[in-house]
Amino acid sequence: MSRGSAACVAALTTALSLCASCDSPPTPLPPPGIAWAPVEPVQGHLFVVGVDAPSGSGVISAAGEVGGEALHFRRVGPVLESLAAVPITTVDTLDGWVRADYADGRSRTDSLRIPVRAGEYEHERLTVAPRFGSPPNEEDRARLASDREKAARASREAHAMPRMWSTVRIPRESRVTSGFGTGREFNGQITSRHMGLDLAGARGAIVTAAAEGVVVIVDGFLLGGNVVYLNHGGGLLTGYFHLSEQLVSVGDTVTAGTPIGRIGSTGRVTGPHLHWVVRYGGTSVDPRSLLALPGIRSIPE
């Protein structure tokens, strides 16, 4: 063997030795445990998504999206949990994704296909004054658009603010006069769904905040009348409609059970009652599903 050939062999041997001592490729990330409760959430209901993150798993945070709404995970013991919502129009399955972030800087994203159970929603017939049943005029259309934009902005802000609440309560312990999701037939025509929960009450009766939050809207809406909206953070927003009086101001911080208004019949209604709205981002859900969430402590009146 020539001196040049020997030098080449020595160089190759050294390179192979160095390569053998190189760090091995990182171990593929194991799929994190992802679950939700209930296992078959209902159309128009809230539910909880969880990511296993016990000590030693390496999972330190998570993000995601379900049904077009962002998820906001927080640690609850060994699990990262977030609210999620099923739009009432969802059929069979709800799509989403979750990204688990690890302490070593890596992350893993998994797709979700969540089976959905159909909700049981009725239809009710209402006869109202012709001015309520006829198409809105140009002035009313402009006011409706303004009202909807204010509510949509509040929904977006609920995703932008960290979760404030830990306990929830019904704003009035009273009879349900109209359930969430009911199809509304006005003067013989089905025009909409009832996207809130109506609770009976005499004019002037107190309405309280359902959970800790910040007052983001105190206004008069064409359909909702005198309204109050609360931003609870972590995507959660609640609204209280048809009030005779609002007892809070924009920017106020309230706790569960704080008086925020009085029952009335302002706006497009047939009599005094509270119309209670719960939204996760822009998705309206049955308020009773908030009270029934796993791990949520409900405080009685």
Side-chain angles (χ1 to χ4, degrees), residues 34-51 62-76 79-98 112-121 151-152 154-171 176 178-182 193-199 209-213 229-241 256 275-299:
I34 302 173
W36 47 86
V39 292
E40 283 189 328
V42 178
Q43 291 172 319
H45 279 211
L46 289 169
F47 65 106
V48 175
V49 177
V51 177
E65 183 179 290
V66 167
E69 302 284 357
L71 301 180
H72 306 283
F73 288 94
R74 67 185 188 111
R75 181 168 290 279
V76 181
V79 178
L80 300 173
E81 289 187 355
S82 174
L83 282 187
V86 184
I88 197 170
T89 55
T90 302
V91 178
D92 296 331
T93 58
L94 184 65
D95 292 334
W97 57 270
V98 168
L112 306 180
R113 285 188 65 80
I114 300 169
V116 171
R117 186 157 49 92
E120 297 180 2
Y121 300 118
S155 296
R156 294 191 295 269
E157 290 171 353
H159 274 312
M161 189 171 79
R163 174 169 162 167
M164 295 180 62
W165 56 280
S166 57
T167 57
V168 296
R169 63 185 297 166
I170 195 165
V176 173
S178 184
F180 173 86
T182 300
R193 281 189 181 272
H194 185 237
M195 301 304 280
L197 188 71
D198 284 355
L199 299 170
E212 298 94 328
Y229 277 83
L230 304 179
N231 180 348
H232 306 282
L236 184 65
L237 183 80
T238 60
Y240 311 78
F241 293 12
H275 178 80
W276 180 33
V277 168
V278 173
R279 293 180 186 143
Y280 183 72
T283 302
S284 295
V285 295
D286 189 337
R288 288 170 291 194
S289 71
L290 173 63
L291 300 170
L293 281 172
I296 297 299
R297 182 163 60 91
S298 179
I299 304 175

Discussion item. Keeping Tyr280 on the side-chain end and His45 on the backbone end, is there a donor-acceptor pair under 3.5 Å?
Written reply: no
Worksheet item: What is the minimum heavy-atom distance between Asp95 and Arg113, and which atoms define it?
Response: OD1-NH1, 2.8 Å
Fill in: Student check: side-chain heavy atoms of Phe180 and His194 closer than 4.5 Å
no
Worksheet item: Sub-3.5 Å donor-acceptor pair from the side chain of Tyr229 to the main-chain atoms of Ala154, do we have one?
Response: no
Worksheet, complete the sentence: On a heavy-atom basis, the closest approach of Val51 and Ala62 is CG2-CB, 4.3 Å
Response to the item:
Rounded to the nearest 0.5 angstrom, the NE2-CG distance for His159 and Asn231 is 10.5 Å
Worksheet item: Quick one: CD1 on Ile170 to CG on Leu290, what's the gap to the nearest 0.5 Å?
Response: 10.0 Å
Worksheet item: Can you tell me how far CH2 of Trp36 sits from CD1 of Ile114, rounded to the nearest 0.5 angstrom?
Response: 5.0 Å
Worksheet item: If only atom types and distance count, is the side chain of Gln43 paired as donor or acceptor with the main-chain N or O of Gly119 below 3.5 Å?
Response: yes
Worksheet item: Given the rule in the side-chain contact (heavy atoms from CB on, under 4.5 Å) test, do Val66 and Phe47 qualify, once you have shown the distances and angles that lead to the verdict?
Response: CA-CA 11 Å; Val66 167; Phe47 65 106; 4.0 Å; yes
Discussion item. Would you compute the distance between atom CG of Leu46 and atom CZ of Arg279 and round it to the nearest 0.5 angstrom?
Written reply: 13.0 Å
Fill in: Leu94 to Ala85 - nearest heavy-atom pair and separation
CD2-O, 3.7 Å
Practice prompt. Measure from the side-chain N and O atoms of Tyr240 to the backbone N and O of Leu230, and report whether any donor-acceptor pair falls under 3.5 Å.
Written response: no
Discussion item. Could you check whether any side-chain N or O of Glu69 sits under 3.5 Å from a backbone N or O of Gly282, counting only pairs where one atom can act as donor and the other as acceptor?
Written reply: yes
Worksheet entry | Nearest-0.5 Å distance that lies between atom CZ in Arg163 and atom NE2 in His72 | 11.5 Å
Worksheet item: Do any N or O atoms from the side chain of Arg117 and from the backbone of Val42 form a donor-acceptor pair under 3.5 angstrom?
Response: no
Worksheet item: Hey, is the main chain of Val49 close enough, under 3.5 Å, to the side chain of Ser82 for a donor-acceptor pair?
Response: no
Worksheet item: Looking only at heavy atoms, what is the nearest atom pair of Leu71 and Ala84, with distance?
Response: CD2-CB, 3.8 Å
Discussion item. Set out, in order, the CA-CA distance, both residues' side-chain angles and the distance that settles side-chain contact (heavy atoms from CB on, under 4.5 Å) for Ile88 and Asp286, then state yes or no.
Written reply: CA-CA 9 Å; Ile88 197 170; Asp286 189 337; over 6 Å; no
Practice prompt. Report the C-alpha separation of Leu293 and Leu83 in whole Å, then their side-chain angles, then the decisive distance to 0.1 Å, and conclude whether the side-chain contact (heavy atoms from CB on, under 4.5 Å) test is met.
Written response: CA-CA 9 Å; Leu293 281 172; Leu83 282 187; 3.2 Å; yes
Item to complete: Check the pair Glu40 / Val116 against side-chain contact (heavy atoms from CB on, under 4.5 Å), numbers first and verdict last.
Response: CA-CA 5 Å; Glu40 283 189 328; Val116 171; over 6 Å; no
Discussion item. For Pro87 versus Gly67, what's the shortest heavy-atom pair and its separation?
Written reply: CG-O, 4.3 Å
Worksheet item: How many angstroms lie between atom CZ of Arg74 and atom CG of Leu80, to the nearest 0.5 angstrom?
Response: 10.5 Å
Worksheet item: What closest approach, in Å, do Arg169 and Leu291 show between heavy atoms, and which atom pair accounts for it?
Response: C-CD2, 3.8 Å
